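What follows is one structure encoded as structure tokens, with my remarks underneath.
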Amino acid sequence: MKQFPENFLWGASTSAFQVEGAYNEGGKGPATTDLGAHDPSIADNKVAADHYHHWKEDVDLMAELGLKVYRMGFAWSRIMPDTSGEPNPEGLAFYDQLIDYLLEKGIEPFVTLYHFECPQAAVDEFGGWLSRKMIDQYLRYAEVCFTHFKGRVKRWATVNEQLIATAAGILNGNQEKDPQKNLKNVYQMSYNVSLAEHKAISLLRNIDPTALIGPVCAIQVVYPQSSSSEDVLAAENAEELMEFYLLDMSVRGEYPPYVEHYLKTHDLFPETEPGDQDILKGSKPDFIGINYYFSICVREKVGPINYNQPPFWVSDAFDLCENPYLPKSEWMDRGIDPVGLHIGMRKVYNRYRLPMIVTENGLAWSETLGEDGKVHDPYRIDYLARHIQQLGIMLDEGLPVIGYCPWSFLDVVSSHQGFKKRYGLVYVDRTETDPKQCTRVKKDSFYWYQKVIREHGVPALQASQSNGNK
Ligand code: FCB
């Protein structure tokens with residue numbers, strides 16, 4: 001068994017809007033994630049996993065699990081309910097008790113400032129990230145958080161998955177119907193997010209120079225369908241357009257040449273202002289957060305552009321296709337690919353030379369409580385074990401992987417599938433339409449992960465078994 005370093009950050013992840021609930025309690029302002037066009041038969045985030053009322057019990061479970069770090073989020077509009085720049089004391093008080101209790105239990109809080117929850121007031125008043133006013137809003141929010149939690153939160157994430165945060169109109173208010181204009185908005189919003197991110201990093205250096213900060217990237221591990229040069233180039237194009245365009249902005253403050261050229265020749269290049277270069281080049285993150293669930297496969301683009309898919313796949317530079325080599329499951333239709341994590345993280349390190357922490361990785365499954373009142377999830381144990389094993393290989397190769405936070409600590413609400421799609425180590429007993437008591441039940445994977453943390457690694461031969469330690 002590969003022994004992980006003593007100081008390896010074994011963690012687990014959630015995001016605020018997917019766990020907290022209490023969407024209109026404690027002075028919280030509305031967020032885009034509260035008001036989405038929801039199908040009433042699917043759970044929304046109004047109650048979610050009711051973490052707002054179960055936070056203490058949840059931290060006790062984290063302590064029982066042995067977590068070293070909890071990768072969580074603040075709900076922006078719980079702290080800044082409107083655009084006035086005035087923080088909400090009740091919102092800060094909620095996070096004070098949570099952070100203080102985590103620290104009391106010896107768990108490091110690792111806080112994401114912006115994980116999809118866009119304050120609705122900013123969207124209504126000036127179009128959210130489409131406007132540069134949003135940069136000031138984000139900066140004021142960051143200033144409040146950095147100052148208030150100074151000395152207690154020592155690791156921050158700027159933005160979770162900028163790719164999705166800017167592409168999903170339901171999360172950011174981009175309602176533009178014309179597909180080309182919609183795409184142009186996506187790139188403008190993304191550019192503004194990059195400016196905000198760099199300004200926030202510079203701000204943290206002033207407020208708390210000992211704290212660490214970095215982006216969380218949904219890495220795209222893209223394989224060519226064949227060894228034809230055209231397919232290989234299409235895979236390169238896809239990685240540049242979906243991953244490195246964002247990470248280059250976060251780390252180097254510039255677009256990769258291919259992406260700059262692509263945006264200019266496709267009339268997608270954002271509006272810039274004099275002085276932006278100084279902002280973008282004025283700071284650098286300390287680490288890169290890695291979100292990874294599966295790899296994708298592409299081939300040379302043939303035929304017209306298909307606009308009927310998420311904006312980041314709308315391109316004349318590649319076409320998505322099936323990968324026949326990977327096992328698939330109900331919610332993982334692109335395939336399960338642990339080696340892809342290794343491939344992806346090696347590329348990230350070779351390009352940026354920064355420490356990396358896995359901020360999300362996990363397996364979705366449709367689960368209900370068994371007749372024995374338990375949840376047996378050998379499929380999840382197998383998935384996590386195989387990905388952790390890849391981290392061991394990376395450490396042997398000399399890649400600076402500092403921690404691992406599976407998604408998710410407990411079952412959370414998924415934006416389109418509610419509680420049908422569960423990722424947690426802890427089961428939340430509720431249905432789509434009935435939140436019941438949201439009772440917590442430890443799954444088999446909870447006990448398995450507890451052992452991994454205690455023993456500093458995954459036993460190689462047990463990788464595909466549930467250990468039945470209940
Ligand atoms: C990622 C998100 C996270 C969660 C997982 C399943 O894209 O960061 O909030 O929904 O996917």
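Remember, it's 1-based here, ligands and their atoms both numbered in the order they're listed. Sequence positions, counted from 1, serve as the residue numbers for this chain. This one's a predicted model, so the numbers in the text were calculated from it and none came from an experiment.
Within ligand 1, counting atoms from 1 as listed, the ones closer than 4.0 Å to a heavy atom of Tyr423 are 6 (C). The contact set between ligand 1 and Gln18, taken as ligand atoms under 4.0 Å from a residue heavy atom, comprises 3 (C), 4 (C), 9 (O), 10 (O). Near Tyr293, meaning under 4.0 Å from one of its heavy atoms, ligand 1 places the atoms 5 (C), 6 (C), 11 (O). Every atom of ligand 1 is numbered from 1 in the order shown, and the set under 4.0 Å from a heavy atom of Asn291 is 8 (O). Listed by atom number, the atoms of ligand 1 under 4.0 Å from Asn160 heavy atoms are 8 (O).
Ligand 1 has no atom lying under 4.0 Å from any heavy atom of Ile164. At least one heavy atom of His115 sits closer than 4.0 Å to an atom of ligand 1.
For atom 3 (C) of ligand 1, the nearest protein heavy atom (residue, atom name, distance) is Glu360 OE1, 3.3 Å. Closest protein heavy atom to atom 7 (O) of ligand 1: Glu161 OE1, 2.6 Å.
In this structure, Trp129 has its ring center closer than 6.0 angstrom to the ring center of Tyr114. Ring centers of Tyr293 and Tyr423: under 6.0 Å apart, within the cut-off. Side-chain rings of Tyr187 and Tyr255 stay apart, their centers remaining 6.0 Å or farther from each other.
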Legend entry - Glu322/Lys328 under salt bridge (Lys or Arg N to Asp or Glu O under 4.0 Å): CA gap, chis, key distance, verdict: CA-CA 11 Å; Glu322 283 282 305; Lys328 315 221 162 52; 3.7 Å; yes
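Residues Glu240 and Arg351 are paired through a salt bridge, judged by an N-O separation under 4.0 Å between the basic side chain and the carboxylate. A salt bridge links Asp100 with Arg152: at least one charged nitrogen is closer than 4.0 Å to a carboxylate oxygen.
Ring planes of Phe409 and Tyr70: perpendicular class, angle over 60° (limits at 30 and 60°).
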